[in-house]
Protein chains: 2
Amino acid sequence: MRIIIVGGVAAGMSAAARARRHDETAEIIVLERGSEVSFANCGLPYHVSGEIADASSLLVQTPESLRAALNLDVRIHHEVTAIDTAARTVSVTSPAGAEELSYDALVLAPGASALVPPLPGIDSPRVRTLRTVGDAVALRERVTSGAARAVVLGAGFIGLEAAEALRHAGLSVDVVELAPHVLPPLEQELATLVTEELQALGIRVIDGIGAASVEHADDADTVVLTDGTRLAADIIVMSVGVRPDTAFIAAAGIDTVRGAIVVDDRGRTSADGVWAAGDATASVDAITGAVRPVALAGPANRAGRLIADDIFGMEASRRITQPLGTAIVRVGDLTAAMTGANRMALDAAGIAYRTLHLHPNQHAGYFPGASAIHLIVHIAAGDGRLLGAQAVGTEGVDKRIDVIATAIRAGFAATDLIDLDLAYSPPYGNAKDAVNLVGMVAENVLNGRLSLWYAAEAETIGESALILDVRTPAEFATGHLPGALNIAHTELRDRIDEVHQAAAGRPVRVLCAAGVRANIAHRILVGNGFDSASLSGGIQTLRHWFGADIERVLTSEGAYA
Amino acid sequence: MRIIIVGGVAAGMSAAARARRHDETAEIIVLERGSEVSFANCGLPYHVSGEIADASSLLVQTPESLRAALNLDVRIHHEVTAIDTAARTVSVTSPAGAEELSYDALVLAPGASALVPPLPGIDSPRVRTLRTVGDAVALRERVTSGAARAVVLGAGFIGLEAAEALRHAGLSVDVVELAPHVLPPLEQELATLVTEELQALGIRVIDGIGAASVEHADDADTVVLTDGTRLAADIIVMSVGVRPDTAFIAAAGIDTVRGAIVVDDRGRTSADGVWAAGDATASVDAITGAVRPVALAGPANRAGRLIADDIFGMEASRRITQPLGTAIVRVGDLTAAMTGANRMALDAAGIAYRTLHLHPNQHAGYFPGASAIHLIVHIAAGDGRLLGAQAVGTEGVDKRIDVIATAIRAGFAATDLIDLDLAYSPPYGNAKDAVNLVGMVAENVLNGRLSLWYAAEAETIGESALILDVRTPAEFATGHLPGALNIAHTELRDRIDEVHQAAAGRPVRVLCAAGVRANIAHRILVGNGFDSASLSGGIQTLRHWFGADIERVLTSEGAYA
C-alpha cells in the first residue's frame, strides 16, 4: 500500500502521522513543494518580532525526525504538477528532475498561497508575504539590519500580527485596510477597540482605503494609496488574504469551487482514491451553510487525521465537522476572538437574529485586576440558538469564546448558557460568569422581558422617543446623548412622574453605562406602563460603535453635575 | 403579594432581585440572621491575605443599596426560628423582639454553617471559621497584630485558601488534613502537585492525620493531633466542611435528607408555597445521581433565580439543572480545577470508566512561556461519555475545565472533544488543543488502538511483563523502573528483535515521559505482534502518583547514559 500526501504542513502531516499509526507497513510518501514540513506557520510573526528568537524552533519536525519516529518518506522541494486519477499516478518535479509516482491513496493538502494583487510595482523586492519560515527569516533579517519603516497591506489576523511584530521590533508601522475597519470579520463596535490598541502601540491605522501602486527606489519604496496618500516603506508586508493552490488539481478533473477543492464529510474528492484537506478545500460553514475555504490550523489537522482513518476504513461513523471559524489574535494587551457567524455572514445568509452586548468582568470585581470583557453574542430570533460570539478584552477572552464555541457545537440555545457549571473562584470568574450572564440576558430578550435598542440608532432615536439616562449625574456630565433626561436608576421609582411628563406619550429609550442599571430601570418603566427599551451594551457600546467619531454623538452640555 | 426570603446571600438575594424584576409591586422581605447580605463569601480569604485590602469591597450590596435599586426590604439580624406552613407564617426574632410574618411565597436560603467537631478545647477563642465578613476581618486583625503561627484544620478549598492567605501574610502555617491528601476531591496524582506547591510556599502539610484536641494557654494554643504531634498556634482555622442550617426547617415538617432540604427541579420543597435553594438544599449529582448538598455559589445563584420565575409562573419549561460540581482553587502559582465525578464518586456509584492522563502545553510549545497542564479525564467504559475531568497547572487550567464542563453538560462523548473549534493562535493554545487531544486519545482507547496501563501498577508490573522505556538514554538515566529495557522510540523499528528476546513471550508495558512517544511505540509493537500497553501519562504521572515516595519506585541504576 502506497499513500502519497501532497503538502507536508498541518493537514498533510496529520494524515501521514495517523496513517502510520494505523499501519506499520504502508509506504507513506509526503511531497512538499517548499523547503520545510510541519512548521509552525502561526508562529511566524513572533519570529519577526524577536519573541521567538530562534527560527529553528518553528520547525516542529524535520524529514529526518519524521523518518525516525514515524518511518515517513518526506521529500521537500518536490512539486506535484499533474495527477492522473485513472492511472493513479502523480507527476513530480524536483531538483533531481521529473518523475512519476503511482499511489493507492492520494491526499491533497497543498494549502493556500498569499494573495498578491496585480498592482503596479508590487514585484518590488521590498514586498514580502508572511507564509513560510523563509518569509519570517527574511523579514527578521531586514528588521535587524536597519529597516525603519514598514507598511502592512491588509489588517486581517496575519496583517495585525505582522504589524505588531514589526512595531515590537522598533519600526514605524502603517497598516492599510481596504475594509471599513481593521480585522474585518470583527464587528465594528469591537474593531474600534483594536484600532485604539494599535494606535496606542504607535501603529498608524488607515482603513477604508486600498493601495494603488508601489513605487520602487533604491533607498526606499513608496506605497501609494487610492486617495493619493504616499507611505514610505523599507518593508512592505502583503497580507490581503490567501488563495488555494489548486491549479494542478482542477486540471486533473477533480471538482473545485472558486478554486477550492470540493470534498465530502469524509474528505473524499470527486475522484476515487483521492482525498483532500486543509486550506485548499471548501468547507460548509456550520452556522450559515456558506461554502468557502476556512484557512485554520485546527480544522486542517483534524480533517487530515480523519482522512487517514477513512483510507484504512476506520472510525466509519465519524465525519469531518463543519467549521465554526473560531479565531483569536493578540493585539498589544488585548485579545480579540470570535466564533460562529458575524452580522455580515448572518445578513448574507438571511438568518434573523438578535444581538446582545455585555461588558462583564473576567473575574470578581472585588478581586484585584478585574477588567471588562466586551462581549457580543448573536442569537437566532426564534429559538434563541447561539449563532456567533465575539469578544475583546485583556483577560479571559479566550476562555469565554472557547466555552461558547463548545456550546454552539452542542447546538445550545443561548438560554442553555445559564446552566453551565463553570469553575468559579474570585481569581478566575464570577459566580454568575460572563457566559452565564449571556444566557440570562438572552432569556429576558427572547421572552420579551427585556427590549433592546442599539447604538446604531443613537443619532436619530431622540426624534421619536424620550432618551432616559439612568446613570448618576456625575456620570451623565462626562458625556450623554443630546436631549436625554437624567434620573439615576435608584431614584426612578420616586421620580416616575417626571418621566411621564417628559415622555408625553412617546416611548422611552433608557440607557446606562453598560446595560445593567438600564435593565433594572426598564423593568420599572414597564411596570409603570411605558413603552421602554434598554440600550444594548450601554454607553460603553455606544462609544465603541462610534470610535473616534463619538464626539459627534455625545455632548456634555445640559448636564447638572 | 408578599415574598419572604430567608437568607440574604447568593441564592436568597438572586431570588429577591429576580422577583423584583418580575413584579414592581410585590412586597419582598429578606430576613438575614447575620449582619451582612449579598457579601462575597468566596473573597474572604483574600482579605485575610491582604490582597483585598478593604473588607467593605466584599460587601457587594447593602440593605440600603438594595432598597434603592430594587425596592427590597432587607432586614439583617433577623432570624427565622419557626415556620407554620399551614398558616403561611414565619416566626422571627431580632434585636427588636419576636414577631410573626405572613407570606404568600417563602424562599428558604439559609445556607450552611462551618462544621466544628466536638474536640476538647475547640471553644478556644483562637479557633475561628471563615464563613463571614466578620470572620475575615477578625482573622485579618489577628494577622496584622502579631500572630505568627497558624494551624489550618481541613485542607479543602477554603482550608487551602486560608492557609495560603495566612502564609502570604507572613505567618508560619501548618495544614492538617484527615484524608490521605490535601484537597480530597482531587485525584491523588494531581494532589501531590498541590502538596508540593504548598510546601514551596513554606506551608507544612500534614495529611492522613486528624486533630485530637486543642489546648488553650494565654500565650498560644496547641493543636494536638491523633498521633501526638503538637502544633503551636496563635490562630486556628477550622475548615473541615459545612453543614446545612436547617433545624427550624425540619421542625416545620418540610422534608430534609441528612439535614439538607429536599427540593424538586423547580426548587419546590415538600410544603406548598415554600421553595428552597443554595447550600442548605440537597442536589442530585449530574454524573453519579448521588444526593447531597453542593455548596457552590453558581448553582445557588441560578436556583434562586429560577425559584423567582416559578413563584411568578414564568419560564415554566426551565428546570434547575443537576450540578457538575465544577470547582477551582488557586494555590501559589498553580491552579487546580475539576468538573464532574472523580474516581471515588464513580467507584461509589458503580460506574465503569477508563481514565486518561495527558500533559499538554497550555499554548504552542515554541511560544515563550509554555507550561504543562496536567489533565485527568474519566470516560465511560462503554460509550465514552465524559464523566469528569481534573487539571493542575500554571496557566490555562480554568479554560480547559470550563470547556469540558460545557461538553459534559452537552452530554458529549469524549470523542466529541476532537471536533471542538477552539480559538488557536500561539499565545493561547495549540492547533490541537489540550481538549482536542483528550478526544483523540479517548478515541484510540475506546477503539482498542491504544491500551493503557497505570501508575498504580508500577511496583508489580515487572513481575509479569517486560517494561520497555522508550525515552532517550539520557532521560532513562535520570530515573526508571527497575529492570526496564531502554530503547528510544526512534530506534524501536530497527531493534525490535531485542524486544522479542527480552520479552520472551511476556506482554510488553511501554512508557515514556508523558505518553506521546510510548503511544507511537505501542503501535509499532502491536504492528509487530506484541501484547502491548502504554503507561497512561508516562513517567510524569508516575512521579505525580507517588509524590514524595517516588524514590522508592524509580532507580537510576543500570542506566547506560
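Atoms considered below: every heavy atom in the structure, side chains included; atoms not considered: hydrogens, waters and symmetry mates. In what follows, every chain begins at residue 1, and chains take the letters A, B, ... in the order their sequences are listed. Because the structure is predicted, anything quoted here is derived from the model rather than measured.
Put simply, the side chain of A:Arg20 never gets that close to the backbone of B:Ile524: no donor and acceptor are under 3.5 Å apart. In this structure a side-chain-to-backbone donor-acceptor pair under 3.5 Å is present from A:Arg409 to B:Asp419. Side chain of B:Arg305 to main chain of A:Ile418: no donor-acceptor pair is present (N/O by atom type, distance under 3.5 Å, no hydrogens or angles). The closest donor-acceptor contact from the side chain of B:Asp402 to the backbone of A:Ala423 lies under 3.5 Å. Judged purely by atom type and a 3.5 angstrom limit, A:Thr490 has no side-chain atom pairing as donor or acceptor with the backbone of B:Ala69.
Rounding to the nearest 0.5 angstrom, the gap separating the CD1 atom in B:Ile496 from the CD atom in A:Glu24 is 8.0 Å. Note that the OG1 atom of B:Thr326 and the CG atom of A:Leu422 stand 7.0 Å from one another [nearest 0.5 Å]. Between the CZ atom in B:Phe367 and the CZ atom in A:Arg330 there is a gap of 4.5 Å [rounded to 0.5 Å]. The structure places CG of B:Asp421 at 7.5 Å from CG of A:Leu296, a figure rounded to the nearest 0.5 Å. In this structure, A:Ser14 OG and B:Lys432 NZ are separated by 3.5 Å, a value rounded to the nearest 0.5 Å. Note that the OG1 atom of A:Thr406 and the CG atom of B:Asp416 stand 11.0 Å from one another [nearest 0.5 Å].
Heavy-atom distances place the side chain of B:Tyr46, and not its backbone, under 4.5 Å from chain A. Using a 4.5 Å cut-off between heavy atoms, B:Arg400 does not touch chain A at all. Residue contact with chain A, scored on non-hydrogen atoms closer than 4.5 Å, is absent for B:Asn41. B:Glu491 does not touch chain A: none of its heavy atoms, backbone or side chain, sits under 4.5 Å away. Using a 4.5 Å cut-off between heavy atoms, A:Arg319 contacts chain B through its backbone alone, with no side-chain atom that close. Residue A:Thr25 does not touch chain B at all, counting heavy-atom pairs closer than 4.5 Å. Looking at B:Asp398, the atoms closer than 4.5 Å to chain A (heavy atoms on both sides) sit in the backbone and in the side chain alike. Contacts between A:Arg517 and chain B at a heavy-atom distance below 4.5 Å are absent for every atom of the residue. Only the backbone of B:Val329 comes within contact range of chain A, with at least one heavy atom under 4.5 Å from a heavy atom of that chain. Using a 4.5 Å cut-off between heavy atoms, B:Ala364 does not touch chain A at all. B:Asn444 touches chain A through its side chain: at least one heavy atom from C-beta onward sits under 4.5 Å away, while N, CA, C and O do not. In this structure, the portion of A:Phe412 lying under 4.5 Å from any heavy atom of chain B is its side chain and not its backbone. Using a 4.5 Å cut-off between heavy atoms, A:Met314 contacts chain B through its side chain alone, with no backbone atom that close.
If you tally non-hydrogen atom pairs under 4.5 Å between each of B:Pro368, B:Cys42, B:Ala407 and chain A, the highest count goes to B:Cys42. Contact count against chain A (heavy-atom pairs under 4.5 Å) is highest for B:Ala410 among B:Gly527, B:Ala410, B:Pro45. Chain A forms more heavy-atom pairs under 4.5 Å with one residue of B:Leu70, B:Thr339, B:Asn436 than with any other, namely B:Leu70. For the options B:Arg493, B:Glu51, B:Arg523, heavy-atom pairs under 4.5 Å to chain A are most numerous at B:Arg493. If you tally non-hydrogen atom pairs under 4.5 Å between each of A:Pro299, A:Ala40, A:Ala405 and chain B, the highest count goes to A:Ala40.
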- Message: The test is salt bridge (charged side-chain N to carboxylate O under 4.0 Å, His left out); show your working for B:Arg302 and A:Glu443 and say whether it passes.
- Response: CA-CA 13 Å; B:Arg302 298 196 294 273; A:Glu443 185 184 69; over 6 Å; no
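Scanning for salt bridge (charged side-chain N to carboxylate O under 4.0 Å, His left out) contacts around B:Glu315 gives A:Arg449, with sequence neighbours left out.
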